[in-house]
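Read through the structure below, which is laid out as structure tokens, and then see the notes.
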Amino acid sequence: MESSYNPNSFEQKIYHKWEEEGDFKTSSASEKTFLITMPPPNVTGVLHMGHALFVSIQDTYTRWKRMLGYNTLWLPGTDHAGIATQVMVERQLEAEGTSRTKIGRDAFLKKVWEWKEEYGGTITEQIRALGSSCDWSRELFTLDPKSSKAVRESFTRLYKDGLIYRGERIVNWSSGLQTAISDLEVELKPTEGKLYYLKYYLEDKSDYLQVATTRPETIFADVAVAVHPQDPKWKKFHNKEVFVPLANRKVPVILDEYVDKEFGTGALKITPGHDQNDWLIGKKHHLKTLSCIGKDGKLNELAGEFAGMVAWHSRKKIAESLREKEILIKEEKHQHELGYCQRTGVVVEPLISMQWFLKMESLAKPAVEAASGENPAIRFYPDYWKKTWFEWLNNIQDWCISRQLWWGHQIPAWHCKKCEAITVPEPGQSDNPTKCGSCSSDEIAQDTDVLDTWYSSALWPISTLGWPDNSSDLKIYYPVQKYNEPRNTDEAKALMETGSDILFFWVARMVMMCTHFMGGKIPFEDVFLHAMVRDEKGQKMSKTKGNVVDPLDVTEQHGADSLRLTLLALSGQGRNVNLDLKRLEGYKAFINKIWNATKFCLIQINESEKLEVNASDYIDSWLLDGLKNLSHQMNSDLKNYRPDAAFNAYYQFTWYEFCDWYLELFKIKKGSTKTLQFALDTLIRLLHPMAPMVTEEIYQSLPWTKDEKIIHKEYPIESKIPVQNSEHTEVYAIKGCVEGIRNFRTENKVNPKIKISAYLQTENLKLWNSISPYVLELAKIESIHINTQAPKGAVGRVNFGQFTFTIPLEGLVDKDAEKQRLTSEIKKIEKDLAFSTGRLNNEKFVSKAKPELVEQEKKIVTDLSLKLSSLISALESLGE
RNA sequence: GGGCAGUUAGCUCAGUUGGCAGAGCGCCACCCUUACAAGGUGGAUGUCGCAGGUUCGACCCCUGCACUGCCCACCA
């Protein structure tokens, strides 16, 4: 082995070996299966810390289950990411002086595919660099035939069931992208705007209604003014008509309780074409809908002299014109929530357009039920996400699934040019229609829209397994748990692990769609939602802030395993993972520690030894018990989706028990290396799911493992480690005595090289004889006098349990230092003693606290009193 | 406006049935003791956001508040 941990020298080699030798593939040897479907990253994306986090967690679970003997499948894939990818290619075209509209749909799509071929492999290569043990032979792309087939089949079925419909609705229009986007893709941000107060005159100009609006440019599409029926201010306008300024159109004054009497003027202009709420009100009052802003974001002919201006910019001009005409009464500053396109950052225009929708209400019900009840079919980790889940699903809106993009799954619907009927193929039919289903005309053309990227993502758990075909994968790996039945087992057959930010975008939609198509069987039983990776100050990583940490940089510098351990350790139950590179260095140091411990063990262990468990003394027993507890703890933490806790337990045990104590004691005791060997083997296996590469590298260099790979070895479970059934009194006594004397030495500034002599008072000679070699060596005592009178004068005192050490100070230290040490020690004990006696003097404590606690407290008082008197006498013997 | 989380050592975070607060990094002192200086030994450091309440006992449970972050929402 190399002298220290150097990940660059083996990570790639190890990974390639695994992949080439098919170690990530599934094995039908076991009936028990475990499936994680990887959240498909954007095919043209580059790796960021969010990916690194999900890889760390998902790979840990995949490897853990694989080592536990499950037929384990981690299924990878990539997403076509409609908007993101299309925008990238469009930018490239722009740089080349052309555009998608100039080259046309077919040529454009060809370009995108070329782009995908060129950059599509990057992200999967990067995911490999992190050690991911996913089965690459099954990698799927959302536009691959397998996925496309599932998309088409689901669409045709949902259409036939009447769940998909087409309609003219008000939708969020991104003028930047020239497409509709879903509610989830709109980001609301508080924005400083103005509230304009305008006059809407009666026909005879005798009076006017004051209307407050933030968007004066939409007045050309006003179809009414609404006031509250009980608002006395506007009573005289009931059943009247008023003139819309500039447009000079008469519109009715309508009464609706939706209007807030207190806000603005209490009169609301109704513009169904450009406002979600107005649209609802318009529908309620059977008003017509006008649009004065086009899909290009510009005002149209309705706006008269302002036609052709970008709506957003026209506001000032219009306000000016209104002021000149003395229509504008006043304007006030006003803060409100404004919708922005998540992708492009441009302001979203609510516009009327023809779109495809998926009815959600009936689909959402099973998803709600799946998480309801005492023993729900789906469990969330952390559990609090369940509340958010219900909140959203119970208020769900229909999903606008059509996008006016070219890159994606083109909607499988054909429009007839003659009769305008829509023809959607029958479910199961793979041929495209050639005739109108209604009038049989052959002048039909496929809908030009594509489906929202999340539509294919929603089918991902079943499309990757081969649905709609009745595939064997589906039978083997898809859960049998139904949404409306109590959870049948604690173990999840399938785990969904992803970021909490896409709970609605993705997780909820998968549950709805897959459950619908799989006869009520849910796609996964456990949902583990990880936090968002931030920088060490908790701020979002962004290029503009310059705080982005590139996982590949980190991997190159410190190794993928170091990064994985760091991300796992920081992935607690909160909503953020604040990545602190200082901590990363700490975990790298930990790996190095293991590396060196292995080197030490290998020097000790006879190469021909066979692996078996066999404790040769109380030190071995103590270690084996520790290992047993550790493996219990880790398996249980992993089961509870607390990989951070599992790793933390591992860190503590391996460093502070195994390295600091066992290895040091081993150097003194020598003898059989069986336990040393077993412990090393076990510890390396325990860590493998979390730090796969270094553990595989180490495992390969253990002589007794031959050429076996750790990836397929058993994960240590509690029951495989024999019960020791011991209180480990000896080891605790060793630790206590050694720590006490070490403390004495340091506080008295005794050079570590100097060996001291000591006088021991004890009534438990048996125990002392059993531990003395270790205490003497580790505390550096060269001569010990047992139960003989210590010399008078300057002495130091150390006390542990039944052992009192008196240490002559001549030639060692100055008396003052020891006095100080004893004094502060005494103070501490007095404080503790006061606390405990105070408790015991409290009658209520004695009568109400658990009896064993009271007993414990009494024992503490006895022990402390003894210790105290011993220390006081030592202090007195120092004189003055 | 509603909801969800967080607030613990200088910094990043643990603390799961309530029983004298922990880790990493940083800090101080001493050690290159041959597995490891990416190390060893010992040490310092906290009104556990604020205010009440329940309890013999509260970082932990309850109530209210403050601050931070996120999500949802139709006050123009």
Side-chain angles (χ1 to χ4, degrees), chain A residues 1 3-5 183-184 188 195 211-215 226 258-260 262-271 275-281 334 336-337 382 384-385 387-388 391-392 395 500-501 503-504 531-532 534 536-540 558 566 569-570 572-604 640 642 644-645 648 651-652 656 659-660 663-664 667 738-739 742-747 749-753 778 780 831-832 835-836 839 842-850 853 856-857 860:
Chain A
M1 287 176 77
S3 67
S4 63
Y5 169 54
D183 292 346
L184 288 175
L188 291 169
L195 198 53
V211 173
T213 178
T214 53
R215 306 192 57 197
Y258 165 78
V259 181
D260 181 348
E262 312 304 323
F263 188 89
T265 62
L268 170 65
K269 74 190 198 64
I270 302 298
T271 321
D275 188 283
Q276 199 73 245
N277 310 309
D278 291 11
W279 191 76
L280 289 171
I281 293 174
H334 177 65
H336 61 140
E337 296 284 323
Y384 56 72
W385 286 110
K387 290 178 192 163
T388 316
E391 190 73 21
W392 189 70
N395 296 297
S500 52
D501 55 336
L503 180 64
F504 305 141
M532 300 290 106
R534 313 277 165 142
E536 73 280 4
K537 294 190 188 83
Q539 293 188 311
K540 245 181 199 169
H558 304 287
T566 308
L570 293 174
Q573 294 285 277
R575 302 209 166 198
N576 294 331
V577 171
N578 295 350
L579 183 66
D580 184 350
L581 290 177
K582 288 281 181 166
R583 287 192 65 160
L584 185 125
E585 283 168 30
Y587 292 120
K588 183 186 184 186
F590 175 63
I591 298 179
N592 187 52
K593 184 81 182 174
I594 295 174
W595 186 272
N596 281 295
T598 305
K599 271 181 0 195
F600 172 78
C601 294
L602 292 186
I603 292 165
Q604 307 298 323
N640 294 322
R642 292 299 305 270
D644 58 321
N648 199 36
Y651 184 102
Q652 301 290 327
Y656 303 126
C659 290
D660 286 354
L663 293 185
E664 293 308 315
K667 287 175 186 171
V738 169
E739 278 168 351
R742 276 175 177 168
N743 171 269
F744 164 86
R745 298 181 57 117
T746 309
E747 292 295 303
K749 301 204 179 357
V750 178
N751 189 302
K753 284 178 222 164
L778 292 175
K780 297 213 165 163
K831 201 181 134 205
D832 291 352
F835 179 84
S836 294
R839 265 186 161 183
N842 182 345
E843 276 171 37
K844 286 179 175 171
F845 173 76
V846 179
S847 60
K848 294 200 176 180
K850 287 181 212 150
L853 196 69
Q856 192 188 317
E857 213 62 55
I860 287 173

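Values in this document were obtained by computation on a predicted structure and should not be read as measured data. Chain identifiers are assigned alphabetically (A, B, ...) following the order of the sequence lines, protein sequences preceding nucleic acid strands; residue numbering begins at 1 within each chain.
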Using whole Å, report how far [atom1] of [X] lies from [atom2] of [N].
{"X": "A/Leu280", "N": "B/rA76", "atom1": "CG", "atom2": "P", "answer": "15 Å"}
{"X": "A/Asp660", "N": "B/rU33", "atom1": "CG", "atom2": "C1'", "answer": "14 Å"}
{"X": "A/Arg839", "N": "B/rG19", "atom1": "CZ", "atom2": "P", "answer": "10 Å"}
{"X": "A/Glu391", "N": "B/rA5", "atom1": "CD", "atom2": "P", "answer": "12 Å"}
{"X": "A/Lys588", "N": "B/rC36", "atom1": "NZ", "atom2": "C1'", "answer": "14 Å"}
{"X": "A/Tyr651", "N": "B/rU12", "atom1": "OH", "atom2": "C1'", "answer": "13 Å"}
{"X": "A/Ile594", "N": "B/rG39", "atom1": "CD1", "atom2": "C1'", "answer": "15 Å"}
{"X": "A/Lys387", "N": "B/rC4", "atom1": "NZ", "atom2": "P", "answer": "5 Å"}

Can you find an N or O donor on one side and an acceptor on the other, under 3.5 Å apart, linking the side chain of [X] with the base of [N]?
{"X": "A/Lys667", "N": "B/rA35", "answer": "yes"}
{"X": "A/Glu664", "N": "B/rA35", "answer": "yes"}
{"X": "A/Lys749", "N": "B/rC30", "answer": "no"}
{"X": "A/Arg583", "N": "B/rU12", "answer": "yes"}

Below 4.0 angstrom from OP1 or OP2 of [N], is there any side-chain N or O of [X]?
{"X": "A/His334", "N": "B/rA76", "value": "yes"}
{"X": "A/Lys753", "N": "B/rC32", "value": "yes"}
{"X": "A/Lys593", "N": "B/rG40", "value": "yes"}
{"X": "A/Arg642", "N": "B/rG15", "value": "yes"}

5' precedence on RNA chain B between A/Val738 and A/Glu585 (nearest-nucleotide basis): A/Glu585
Heavy-atom nearest nucleotide on RNA chain B taken for A/Glu337 and for A/Phe590; more 5' hit belongs to A/Phe590
I'd like to know if the side chain of A/Ser847 and the backbone of A/Lys844 have a donor-acceptor N/O pair within less than 3.5 Å. yes
For the side chain of A/Arg745 and the backbone of A/Lys780, is there at least one donor-acceptor N/O pair under 3.5 Å apart? yes
Name the nucleic acid region contacted by [X], choosing base, sugar-phosphate or nothing; use a 4.0 angstrom heavy-atom cut-off, strictly under.
{"X": "A/Leu188", "result": "base"}
{"X": "A/Cys659", "result": "base"}
{"X": "A/Arg215", "result": "nothing"}
{"X": "A/Glu739", "result": "sugar-phosphate"}
{"X": "A/Ser3", "result": "nothing"}
{"X": "A/Leu663", "result": "base"}
{"X": "A/Asp260", "result": "base"}

Is A/Phe845 close to A/Leu853 at the side-chain level, that is, under 4.5 Å between some pair of heavy atoms? yes
Answer whether the closest heavy-atom distance between the side chains of A/Lys588 and A/Thr566 falls below 4.5 Å. no
Can you check the distance between B/rA66 and B/rC28, where both ends of the measurement are the C1' atom (answer in whole Å)? 37 Å
Roughly how many Å apart are B/rC65 and B/rG19, using the P atom of each and rounding to a whole number? 28 Å
A/Asn596 CG to A/Ile591 CD1 distance, which is reported to the nearest 0.5 Å: 12.5 Å
Where each pair must be Watson-Crick or G-U wobble with both distances under 3.5 Å, what dot-bracket representation of RNA chain B is obtained, with crossing pairs in [ ] and other-strand partners as |? ((((((((.[[[[.)...(..]]]].(((((.......))))).....[[[[[..)....]]]]])))))))....
Test ring-ring contact (aromatic ring centres under 6.0 Å, His included) applied to A/Phe600 - qualifying residues, sequence neighbours left out: none
